Every structure is written in structure tokens, then in C-alpha cells.
2 protein chains.
Amino acid sequence: MPAVRRPRPTLLDVAAAAGVSKSLVSLALRGDPGVSERTRERILAVADQVGYRPSLSARTLKQGRSMLVGVVISSLANPYHTEIVASVEDAAEAQGLSVVLAHGSRERHRLADRVQQLGDLGVDGLVVVSSWVPAEVLTTAARRAPVVMVGRTAEPVPGIDSVNNDDEHGAALVVRHLAAQGHERIAHVNGSRRPAGTARRRGYEDAMAAVGLESHVRTVEPDGVAELLAGPGRPTAVFARNDVEACDVLDHALDAGLAVPADLAVVGYDDTMLARRARPRLTTVQQQREVMGTRAVELLTGRLGGRADDVHEVLEPRLVVRASG
Amino acid sequence: MPAVRRPRPTLLDVAAAAGVSKSLVSLALRGDPGVSERTRERILAVADQVGYRPSLSARTLKQGRSMLVGVVISSLANPYHTEIVASVEDAAEAQGLSVVLAHGSRERHRLADRVQQLGDLGVDGLVVVSSWVPAEVLTTAARRAPVVMVGRTAEPVPGIDSVNNDDEHGAALVVRHLAAQGHERIAHVNGSRRPAGTARRRGYEDAMAAVGLESHVRTVEPDGVAELLAGPGRPTAVFARNDVEACDVLDHALDAGLAVPADLAVVGYDDTMLARRARPRLTTVQQQREVMGTRAVELLTGRLGGRADDVHEVLEPRLVVRASG
DNA sequence: CCGAACTTCTGGAACGTTCCAGTTCATGAG
DNA sequence: CTCATGAACTGGAACGTTCCAGAAGTTCGG
């Protein structure tokens, strides 16, 4: 099989083979009612037989829309992000939109490049699952197609919608849960200066104060965990800013010979598959991921329908209590 | 900021604003040497100022190529797949190609749809990171753009190149390693009927025979692990077909009160981040993932350069010994 | 001072669609 | 028999690029 790559057949080829005009082929393939049953069938058969496939570039160029939603994600390694992507995809598909994914790991400018690239491709909307994209890049992109930030909302950017969970509230849920179990020395592991991290830290601090534990507030960087668990006044509970870091805490606890949750309660955030795999199973905060995807796509179509005012959707997170604390 | 979406500026708009012809703008933006320095700078400035961005649909339509590589992946949840994608992306970028990703989880036909879709989009090459795509879909796709299967190679498909590791050999490495440590009752957990699973099973069986342990060959489905570890003649070592299932084995060992590796050695396959996170750290088989991406892109460009014969690249896997066995 | 050679720029055709304005032809009302 | 109606189909323009052939303008050897 020599795998000869000849120029792909076009509408004209199909038209010639079927003995009709290109316009009629176009109409038939798109299921236009004004084509007689007999001819439609014949055209479909011919198209199939010559292996015709439409050119999305040509269609996009002519129609000015692509029926494509671009999704930009900063890392494929973070299950939280990828799980959101899946929910966006399901929602888009339900609207007859297809999703193309781009990820720009490592450097920040690569992410920005990918946003532009998807824009150049002609997507009808853009979902950004990362707070790591400069605001001006988003604003520029939004001149051509609506943009929604999902899951990792940065400061609101004018003209850009967002869907997120209430990180402060989620953190408060954790603190109240731990406090209710009698924990007082509740530490927080959080090395992030980005919006979600900041909000969770603030939620932790405020909630600690609200339950009268402000004197026990103690926030450490991820690489300070070993030290945190070694000291004499070590905490009885640790709330980590996400599941990944919670797993690291579990790991350190194991090294330090601490039983979880007997000696140390550990709680994460995001309810990713890491939480469901960890031993003991991780107590964590669940965001409504499927709702996120659905709402994101709704916001896009809303913009395409002409809505001009910004919408910032905030979903209520839910505490999932498992074995770790 | 009302986020008004006006029609994007085109070459003609830039040309008008700069007082030159559209052709010259095109040349200037693409860095053609036949444009005088002065004019180029002026054009670039104007383009920037009106916010011009090229239309990839128009360019692809005219040029017949998109400088895009499509990557199709069956699941974002499998770290093995996503880590391959990252390596493909790096390699493509180094060649001036951009990557668009599509994933079709769940049903098989969705995956096939995404392959077609990327083809319709006009990608110059397709990398399929999944053995779950029907051969005839690949063959059809290959008529328009070269296709390479990576990492989960199915039976060779005529006209389709592939890059994979030697699963049989990898399995043999594991068996030899365990046997050398004195293990005899080495069981195999493998519920996959797909090519990689089958090859690893065969590699396990053959290697067991080669070290004189054919009487201890015992292969179980993933849901038979609890039973496997409970019985009286339980194995002293388990080789799982991938890291995910190895982690499940670790989980069951914990439930059964077995110490790893003292009571039970556990070995995985793929060397994903799961192996690096598990406790104890998982002994596993590493495939040369970066090489995979590079070779995959090389195979694509080779085809684009006119190569007609199929290439099936087989990389040698490497055993990574960690704490679990 | 002619024209060759080069540099710099331009206009139009083409890529594969969609869409609009028609055209053709049969049907049936008057 | 005529003409309006509608069903079925067609031709050409347009979308935003690229690319080719060629048009200006400039330089320079003879």
C-alpha cells in the first residue's frame, strides 16, 4: 500500500461524478430540504464513494465561523485541569460544537501563544483553564471571540466571563469541619501566589478567626512540610491548598511515622482522582466540575448571542469527607 | 468595556491604512527579503496598531497546508498518554509545527470522529496516541495526511507508521528482575485484550518459561486481585500491566495487611507520575517518552518528504528499580 | 542616453466552500 | 392556452490568503 496522497476530492469532483452542480452537492450534504430525495441519495453515495470530506478551512473562511471551541490549559499533568476540560467538552458537544485543545506548559509566553493560535484558527469561543494567561492577551483574544475563564479565575478581566468555585468558602468548609472534630492546631500548606491560592489562604485565615483559632493560624510553603511535621508543636491537622500537595503531606506523614488520621488529619482541595486513589482516601473539597463545563459553554453561547455585560459565575463547593480527616 | 466584536481586520485593511497593496503587506508580514526595510517597518507598525492577525483558515485553504499536527488521545486521565503528548508537542514545536489536541474519551466512535475532524481541519500530520482507533479510520485519514501511531501500537496498519516500545521485552525485564531476587510465585495482573496488554502478557509468560518458572505462571484480571492476595498460595511478587493497576495492587496489599516489598513485591509498567508518587515508590518499566515524541514527528516529516514505505520504530524499554520490588 | 538588470511593488487568479439571485421545468388555476 | 406558483437545480461572487506575472522606478555599463 503505497499511501499515495493525492489532492483531496472537492465539491466539484463530487459534482462532476454525480453530474450535478457543486451548489447542489453542497446543499445535499448539508441536508437542505430543497433537494429531491432521489438526488440526495445519489449524491451522498457518490460523495462517500470518492471519499469526499469537507474542508473546514474553506467553510470557516466563507461562513466566518468554525463551530469550534478552543480550550487552553496550562498543564496536562494536573488532573484538576484535565477533568474540567472533559466537562467542557461534553457540554460543547451537546451544543454541536467541537473542542480543540491546546496546552502551553512550561513558560508563560507559550500559553499566550497558544491562545493567539487558537484565535487565528478561527475558533468561535475560547475557554481558558488557567489563571496564568496575561490579561491583555485575553482582552485581545476577546476582540475576535468570546473568552471564558474556568476554574482558575484570576482577577476579573473586563470583557471576560468566568466560572469558578468559591475558594474562600471551600477553605472555610474545611476549617469548620476540622474544628468541629476538636482540632485546634490546623496548619495550611500553600505555596501559591496565584488567585485561587490566595483566596484559599484568605478563606483559611478568616475561618480560623471565625472559630476562635486565630492564634493557631500557620501557613507554610510546600517545602516546609517536613519541618512542620517534625517540630514539637506540630499540627494535628493539615489543610493543603490542593490534592497534589495533600498527597505530599500524606507522604511526609508516612516518613515521619505519623498515622493518618489518628496522629494527623489531612485535607486537600479539588477532589481529583489523586484524592480518590490516596491512602487513606483523601477528604477534600469538590467543585461542581460538570456544572462548570456546562456553564462555561453557556456563557460562550450567550456572548455569541449578543450579551454585552460580563458574567462571573461562582459555584458553591462541597466538602467530601473521606478517611484522611 | 462592551467587548464589541467587529469583523477582524484583514490584509486589505492593513494595506489601506499603510497605503500599499495587500500583496506587499503579505510579503512584509512573512518577512520576505524583497521588501525594503523602511516599508516593512511601517507595515508592521500599522498591522500591529490595527490589531491585525492572520486567518489560518484562509492561509491553509490557499497553501494546502496548515503547519498543524493533530494529536488524538483517548483519555486525558491516563498520565502515560498525556506524558507522551507533551513529548510530541516539544518535538513538533522544534520543527515549527503547532499541535492541536483532540481527545475522544468514552466511546470508540467518538475517537474516530475526532480523527476525522482533525483531518477536516487540515492538519499536516496526525499522531494517534491510542490503539483504540479502528484501522479503516486510520487508513482513510492517511489518504489526506500522514498518520503515526505512538505508544499504544495496535497491529501494524498498512500505510501507517508507528513508534512503540518493546512490550514483550519490557515484561521480560520485570520477570528476570524478580526471579533474580529469588521470587518464584510471580503473578501477572492484566485485564487488557488490546495489543500492548497482549504483548506484555506474552512477554511475561515467555520469560517465566525461560527462567524455568512456567509452572508458576498465573495471570488474573484486575478485579481478581483481592482474591489473588487472599489465597493460601498467594504470590510473593506481582507484575501489573501498567502503573495504574500496580497502584491498585498496592492498595489491595495494604488492605490485606501485606508489607511491600517484604511480603509482596509489586512492579508496574510505564513509569508515570503515579509510580513516582506511590508508596512505596514503584519499580516499573520506563519507555523513552521524549524519544517517542521526537521520532513520531520525524516519521511525519519523513512522510511529508515523500517516503512511501512504512516504518515501525521499536524502542528498548528500561527497568527502573525503586522500593516496591 | 539607451536599455539591461535589479529592486520594489502591484493586480488578479486561485484555494474550497457558502449563499444569493436566478433559471428551468412541471403543475395547475383561470 | 397562458401565466403564476413552486420545486429542483445552477452559476457566480465572495471569504482572506498566497503566488505569479509583470509594472514601475532606479542604477549603471557601454
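Computed from a prediction, not measured in an experiment: that's the story for all the values here. Each chain gets a letter, A, B and so on, in the order its sequence line appears, and its residues count up from 1.
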List in chain and number order the residues that pass side-chain contact (heavy atoms from CB on, under 4.5 Å) with B/Leu315, two or more places apart in sequence or in another chain; answer none if no residue qualifies.
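In terms of side-chain contact (heavy atoms from CB on, under 4.5 Å), with neighbours along the sequence ignored, B/Leu315 is linked to B/Val163, B/Gln288, B/Val291, B/Met292, B/Glu313.
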I'd like to compare against my own output: the B/S/- annotation of nucleotides 11-21 of chain C with a strict under-4.0 Å heavy-atom distance to protein.
BB-BBBBBB--
Judged by atom type as modelled, is there a donor-acceptor pair below 3.5 Å linking the side chain of B/Tyr52 to the main-chain atoms of B/Arg8?
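Side chain of B/Tyr52 to backbone of B/Arg8, a donor-acceptor pair under 3.5 Å: no, none is there.
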Kindly write out the residues that satisfy side chain to side chain donor-acceptor pair (under 3.5 Å) with [X], not counting sequence neighbours, or none if the list is empty.
{"X": "A/Ser21", "value": "none"}
{"X": "B/Thr294", "value": "none"}
{"X": "A/Asp124", "value": "A/Ser66"}
{"X": "A/Glu83", "value": "A/Arg289"}

Who pairs with [X] by salt bridge (Lys or Arg N to Asp or Glu O under 4.0 Å), at least two apart in sequence or on another chain?
{"X": "B/Arg59", "value": "none"}
{"X": "B/Arg193", "value": "B/Glu221"}
{"X": "B/Glu93", "value": "A/Arg110"}
{"X": "B/Arg114", "value": "A/Glu89"}

Between the two ends of the helix from C/dC1-D/dG30 to C/dG30-D/dC1, what is the bend in degrees, rounded to 10 degrees, where each end axis spans five pairs?
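Terminal axis comparison yields 60°.
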Using a heavy-atom distance cut-off of less than 4.0 Å, which residues of residues 36-50 of chain A contact DNA chain C?
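Output list: empty, so none.
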